[in-house]
Every structure is written in C-alpha cells, then in structure tokens.
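Note that these values count all heavy atoms, side chains included, but never hydrogens, waters or copies made by symmetry. Treat the numbers as computed from the prediction; the structure is a model and nothing was measured.
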Amino acid sequence: MTLDFVFQMSPMRVVFGAGRRNRMGEELDALGSQRVLIIADPNNTERAQELAEQLGEHCVGVYDQVAPHVPVETAEAGRAQVLQVEADCCVTVGGGSSTGLGKAIALEIDIPIVAVPTTYAGSEMTPIWGLTEGGLKRTGKDPRVLPRVVLYDPELTTTLPPQVAGPSGMNAIAHCVEALYAENANPVMSLLAQEGIRALAESLPDVVRTPDNVESQGEALYGAWLAGVVLGSVGMALHHKLCHVLGGTFNTPHAETHAIVLPYATAFNIDAAPDAKARLAAALETPKVASALQALGDEVRAPGSLKDLGLNDSDLDTAADLATQTPYFNPRPVTRDGIRRLLQDAYDGVTPEP
Ligand code: NAD
C-alpha cells in the first residue's frame with residue numbers, strides 16, 4: 001500500500017478512569033476557572049449536584065434544561081444562563097444532548113467547556129455542532145466548540161439502561177466502521193478505529209448484561225472515546241448520511257437508527273474497501289463482518305429493523321430519494337436503486353452478507 005495522507009489531531013486533554021470525576025477541581029484549577037456552570041440532562045442531575053457540592057463556592061449553578069438535538073431556543077436559554085450567573089466555564093454532564101448544548105454555548109460565547117460524557121455518543125471529541133430549528137437540524141464544524149478537557153469516568157455509565165447503552169455503543173462502532181473507509185482515512189485513525197471496534201464489541205454484551213461492572217464499562221467508554229476521536233478527525237459516508245436522513249425526516253431515534261442501519265451499510269460498502277474489510281474482520285474476529293454486527297446489535301438489545309421504528313414502505317422511497325439527491329464520498333458508488341434495496345433489507349431485518 002502506498003502511504004499518502006494528512007493527519008491532524010484536536011488539542012484536547014483527556015482524563016480517563018473510574019472515580020476521576022472526584023478530581024474535577026484540579027482540572028478547573030488548571031483552566032483558571034472560578035465560576036463554573038454545570039449543565040446536565042434530567043437523568044444526570046444527581047451527579048451534577050454531587051459535583052456542585054464538591055466544587056463548593058466555585059460552582060455557580062446547575063442547569064438541567066437539556067433537550068435532544070439542541071433546539072435553538074434551548075441554546076439561547078443556555079447562553080442567557082451563562083451570562084446571568086457570570087460563569088467562566090461550563091461543565092457538561094450527560095450524553096450527546098448535554099455536550100451539544102455546551103457546544104452551542106461555546107459557539108457564541110468564548111468560554112471553556114469541560115465535558116463529562118455519560119453515554120458512548122462521542123460528540124465530546126469532535127468540533128461538530130448541531131442546532132435544530134423548525135424541525136430541521138443544521139450542523140457545522142468549528143474548533144471553538146471543542147471541549148478543553150474531557151473527563152471519562154466509567155462509573156458514570158453504570159446507570160445507563162441496557163436499551164440505551166446497547167444502541168449507544170453500536171452508534172460508536174458505526175463511527176469507527178466508516179472511519180476505516182473514509183475518503184481522508186489515515187493509518188493512525190484506522191488503528192484507533194479498529195481498536196475502538198474491538199473494545200466495544202468485546203465489552204458491550206457485558207455492559208448490557210451487568211451494567212455495574214466498571215471494568216467492562218471502562219472498556220466500552222475507551223472504545224467510545226476512540227470512536228469520538230475518529231469521528232472528529234476523518235469524514236463519514238453512506239451510513240451516516242442514511243441515519244441523518246432517517247432521523248431528520250422521520251424523527252427516528254439517533255442511536256437506534258445507527259444500530260439498525262450499520263450492518264446493511266457495511267454489507268453495501270465493505271467489498272469496495274479491502275483494507276477496511278481486513279481491519280473490521282480482525283476487530284470482530286470473523287470475516288462475516290456485516291452479519292457479526294447484526295448479531296452484536298441483537299445481543300446488546302438494539303432494535304433489529306426499520307419496521308421496529310414504525311417506518312413504512314413509502315418512507316423508504318422518500319429516504320432513498322433524499323439520500324441520493326446530492327453527491328458525497330462513499331467507497332462504493334451510490335445509486336437510488338442500490339440504496340432503496342439496502343433500506344428494504346434494513347426494514348425487513350434480513351441477515352446481511354457477508
Ligand atoms: P442523549 O444525550 O439524549 O442521551 C440519551 C438518553 O440517555 C437521555 O434520556 C439521557 O438523559 C440518558 N442518559 C445519559 N446518560 C445517562 C446515564 N449515565 N444514566 C442514565 N441515563 C442516561 O443522547 P446520546 O445518544 O448520548 O447523543 C445523541 C445526540 O448527540 C444526538 O443529538 C446526536 O446528533 C448528537 N451527537 C453529536 C455528535 C457530534 O459530533 N456533534 C456526535 C455524536 C452524537
């Protein structure tokens with residue numbers, strides 16, 4: 001293979017380990033932050049309160065008005081809160097929705113963000129922001145939204161219900177799979193992506209079976225971190241396009257949609273990307289990569305078909321039209337008929353090949 005690539009990495013500090021959240025003060029001191037606003041979703045308010053107590057007078061409030069996909073009104077309200085309490089730092093505690101609100105704040109206000117992820121979404125490692133207005137989600141890339149510090153504490157994911165943890169982990173695997181055949185793939189990111197798939201595939205079944213096993217949670221969160229790194233570093237392709245269309249048009253749940261579509265997008269693409277296929281096979285320890293991803297999704301209790309999400313036949317036509325309207329990079333050429341067939345297979349939940 002002839003090597004020819006560009007490599008760039010985001011300048012972020014990552015702190016990882018069980019119980020690490022209890023040393024948040026050290027991170028904030030290093031940033032010089034004296035007035036911290038904690039942003040948390042309603043399922044993480046207890047953690048946020050604990051953190052607030054730990055920070056004492058340096059915490060100026062806990063804000064829990066987080067909503068999925070960052071509605072513009074939520075972003076405006078969050079920014080107003082930052083200004084009102086005169087915060088000089090935001091700590092986000094939660095999944096992609098909480099991180100997303102922190103990013104929306106940092107997009108307009110020059111304030112450092114410390115992210116404490118409690119799902120496997122990976123948003124904390126990317127410069128990608130998203131805002132929803134009138135039912136339409138806009139996304140963009142801006143280095144100002146990158147958290148300055150990301151603190152991963154596997155004790156925090158132990159409370160994830162299995163039906164959230166499983167799809168969330170499959171969503172992370174999807175970032176890694178598409179990174180392997182990205183247009184701007186590079187050998188370092190491919191190594192990280194392969195290792196991310198391995199770590200997640202190995203740990204997720206245990207995470208779902210015994211959520212309080214901190215060792216498995218650590219392995220899954222490590223995989224999720226790698227997935228976030230590759231998502232923030234190289235471009236995605238057909239799989240992410242399809243999930244974006246389905247979520248944006250039919251409001252299907254984010255992580256579940258990824259879990260369902262991934263085996264079929266993989267089956268569609270993988271023979272056109274031999275290096276990605278070899279790495280994926282090594283990570284999953286089988287050449288039957290697409291069916292192995294489907295089996296893993298089943299094992300971690302992700303929904304199995306687009307039918308399960310309440311879509312119907314004509315929705316598949318609409319999705320196929322939308323997903324083929326504008327050109328984008330994909331290792332295998334995208335045709336309307338090919339995508340319609342892929343969606344039908346995902347709708348029926350057939351076993352994909354290979
Ligand atoms: P989320 O943040 O909405 O969390 C999903 C659910 O899990 C919520 O109900 C939340 O309250 C709950 N939850 C979170 N942590 C928990 C815990 N430890 N215990 C119990 N419950 C918990 O969703 P998500 O799947 O984490 O993220 C999806 C969002 O992130 C989407 O909007 C997606 O577009 C965005 N995203 C953005 C990027 C990016 O790079 N910008 C990357 C990935 C995802």
Closest heavy-atom pair and its distance - Ala193, Leu180: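 Reported closest heavy-atom pair: CB-CD2, 3.8 Å.
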
For Ala281 and Pro287, work out which heavy atoms get closest and say how close.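 Scanning both residues, the minimum pair turns out to be CB-CA, 4.1 Å.
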
Sidechain N-carboxylate O distance under 4.0 Å for [X], [Y]:
X	Y	answer
Asp275	Arg279	yes
Glu195	Arg198	yes
Asp317	Arg336	yes
Arg21	Glu155	yes

Are the side chain of Ser168 and the backbone of Tyr120 linked by a donor-acceptor contact shorter than 3.5 Å?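 Side chain of Ser168 to backbone of Tyr120, a donor-acceptor pair under 3.5 Å: yes, one is there.
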
For Phe268, does its backbone N or O pair with a side-chain atom of Arg332 as donor and acceptor, under 3.5 Å?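 Checking the backbone N and O of Phe268 against the side chain of Arg332, a donor-acceptor pair under 3.5 Å is found.
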
Check the pair Trp225, Met125 against side-chain contact (heavy atoms from CB on, under 4.5 Å), reporting the backbone distance first and the verdict last. CA-CA 7 Å; Trp225 166 49; Met125 295 307 298; 3.5 Å; yes

How about [X] and [Y]: does a side-chain donor come under 3.5 Å of a side-chain acceptor?
X	Y	answer
Ser216	Arg209	no
Asn44	Thr118	yes
Thr257	Thr252	yes
Gln217	Thr158	no

Does the side-chain contact (heavy atoms from CB on, under 4.5 Å) test come out yes or no for Glu178 and Asn269, once each step is laid out? CA-CA 9 Å; Glu178 291 234 288; Asn269 274 335; 4.1 Å; yes

Derivation of the side-chain hydrogen bond (donor to acceptor under 3.5 Å, both in side chains) call for Thr92 and Lys103: CA-CA 9 Å; Thr92 62; Lys103 287 175 158 184; over 6 Å; no

May I ask you to check whether over 12 heavy atoms, not counting those of Glu50, lie within 6.0 Å of atom CD?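 Count over threshold, so yes.
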
Quick check on Arg79: does its CZ atom have over 12 non-hydrogen neighbours (other residues, nucleotides or ligands) under 6.0 Å away?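 Yes - once you tally the heavy atoms of other residues, nucleotides and ligands closer than 6.0 Å, there are more than 12.
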
Please list, chain by chain and in numerical order, all residues satisfying ring-ring contact (aromatic ring centres under 6.0 Å, His included) with His240, sequence neighbours excluded.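 Applying ring-ring contact (aromatic ring centres under 6.0 Å, His included) to His240 gives His175, His258.
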
Given Thr45 and Asp64, is the side-chain hydrogen bond (donor to acceptor under 3.5 Å, both in side chains) satisfied, shown in steps? CA-CA 7 Å; Thr45 37; Asp64 67 357; 5.2 Å; no

